[in-house]
Amino acid sequence: MIHFDDEKSKAAIKAFTLSRDDIEMTAAALRYDIGLALKNDERTSLNLLPSHVGLPSGNEQGDFLALDFGGSNLRAARVRLANGKATVVSKKDKPLGNLTGASTTASELFDFIAALVDDAAGHDHTTPMMLGHTFSFPSKPTDDGDAILQYWTKEFAVKGVEGQKVNALLASSLEKIGASNIKPVAIINDTVATLLASAYTVGDTFMSSIYSTGFNVSYLERFGGKERADILDMNAGGFTKVITNYYDQHLEDETDRADEQKLEKMVSGRYIGELMRLALADITRRDDLPNMTSSDVAAIYDGNDAGKKILTDILGDDTDEASQDAAMHLAEAVLRRSAALAAAIFCGTLWHQDANIPQHIAVDGSLYKKVPLIQNTVHDTMTELLKDEPLNMRPDIVTIDDASLIGAAIAATMKK
Ligand code: BGC
């Protein structure tokens, strides 16, 4: 029977606990960084990426192919748009499996993607079809409507894609299988897709987020009316002005890209399990604990039988009640910190927008949708940080299903 060192568990829980001031400071620093980035001031830690798509008018319509590539699961679908209603007519998905690492080449990856798109198109190699592509990694749009991958995130490492035009790679794989009738006409980030999907189907949406394997936020930048408004992909996961702890630093030492995507490593599902594992390893003075997922952390917090079994499996033995309790509080602290930071990013962005108009924030992503503690903490933190703001500056959060697929189709119609 395992018993946790009391002092060590208390210290680990404390390390993941942010004060209200810490959270408010993070929100203020984010707001300041957006301002710096817009003035091209190098002191910013943000890389604001233009999308070159404004808000949809609501009149977009037609049938489109949509591709969603950005996490461990690849999805392709036919999407129908009509009068502000989006329908995913048919959907195919496939896990990327081991195609995300450095031993995979660009053509292996894009041949695999093209095969799924071909599947979704019903292997029709004659009817001209337009494809919208949600590609969820920091990418810069090019003048010909393509986008160049700047660098991989979420531990993807496929060779030969960074610095390349992504839709050109996809088009060449489609051509190889005789599917040149499918034209990738648009490529956007998943947060931009989420904003488009919500603006089209719900309305009044000027900010969006993906809170899942990765974390990011986009918003509508109005440039003080001096330029055409554009949806900017903040690549918020790359924000660095955050208060890190011992476990965050340890995690940095393990990842291929140390000091990149700092905020994402504290917030997103790709890293939550590892943070918890590092803390448990420290508390129990072990260095042989197996990998954990964010679902494991959520289950340990729930404290039900499934969560207790996960803890036993990880530690290789039962824990006494006090230690189970400590593990539960630790899981809570890791999840709460993630949500409080996400809320800080939303508030900092709102303060930058300073738009006293009713609005929704659109969110998609499994970590947000499946973990009530995350949802509640985001809500409570925002309520606290915005309590002195006028009512319109206190937006509600709407969750959007299939946002990436729907947004990709909307982008295709806007670019056609
Ligand atoms: C990527 C973003 C993306 C986010 C959510 C991050 O790792 O850098 O571009 O929006 O994940 O998928």
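Keep in mind it's a predicted model, so treat the numbers as computed, not measured. One-based numbering, in listed order, for ligands and for the atoms of each.
Considering backbone and side-chain N/O of Thr191, none are found under 3.5 Å from N/O of ligand 1. Residue contacts with ligand 1: Asn216 is placed with a nitrogen or oxygen under 3.5 Å of a nitrogen or oxygen of the ligand (distance criterion only).
In this structure, Pro138 is part of the shell of residues with a heavy atom less than 4.0 angstrom from ligand 1.
Summarising the geometry of Ile310 relative to Ala299, their closest heavy-atom pair is CD1-CB, 3.7 Å, with the distance given to 0.1 Å. Of all the heavy atoms in Ile177 and Ala114, the pair that sits closest is CD1-O, 3.8 Å.
Under the 6.0 Å cut-off for aromatic ring centres, His352 and Tyr32 do not qualify, their centroids lying 6.0 Å or more apart. A centroid separation of less than 6.0 Å is found between the aromatic rings of Phe137 and Phe135.
Near Lys154, meaning under 4.0 Å from any of its heavy atoms, are these atoms of ligand 1: 4 (C), 5 (C), 6 (C), 7 (O), 11 (O), 12 (O). Set against the non-hydrogen atoms of Asp190, the atoms of ligand 1 under 4.0 Å away are 3 (C), 5 (C), 10 (O), 12 (O). Heavy-atom contacts of Gln261 reach the following atoms of ligand 1: 8 (O) (cutoff under 4.0 Å). Of all atoms in ligand 1, numbered sequentially from 1 with element shown, those under 4.0 Å from a heavy atom of Asn189 are 2 (C), 3 (C), 9 (O), 10 (O). Counting atoms of ligand 1 from 1 in the listed order, those under 4.0 Å from a heavy atom of Glu264 are 6 (C), 7 (O), 11 (O). In summary, the atoms of ligand 1 found under 4.0 Å from a heavy atom of Asn235, numbered by their order in the structure, are 8 (O). Every atom of ligand 1 with a heavy atom of Ile210 under 4.0 Å away is listed here by number and element: 5 (C), 12 (O).
Between Asp93 and Arg75 there is no salt bridge, since none of the side-chain N atoms of the basic residue sits less than 4.0 Å from a carboxylate O of the acidic one.
With Asp248 as reference, Arg337 is the one residue of Lys262, Arg337, Lys265 to meet the salt bridge (Lys or Arg N to Asp or Glu O under 4.0 Å) rule.
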> Should Leu96 and Asn73 be marked as a side-chain contact (heavy atoms from CB on, under 4.5 Å) after you check the CA-CA gap, both sets of side-chain angles, and the distance that decides it?
Replying inline: CA-CA 6 Å; Leu96 278 168; Asn73 224 23; over 6 Å; no
> Step by step, would you call Asn245 with Phe16 a side-chain contact (heavy atoms from CB on, under 4.5 Å)?
Replying inline: CA-CA 7 Å; Asn245 66 27; Phe16 284 101; 3.6 Å; yes
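The proximity of Thr213 to ligand 1, defined as any non-hydrogen pair under 4.0 Å, does not occur for either the backbone or the side chain.
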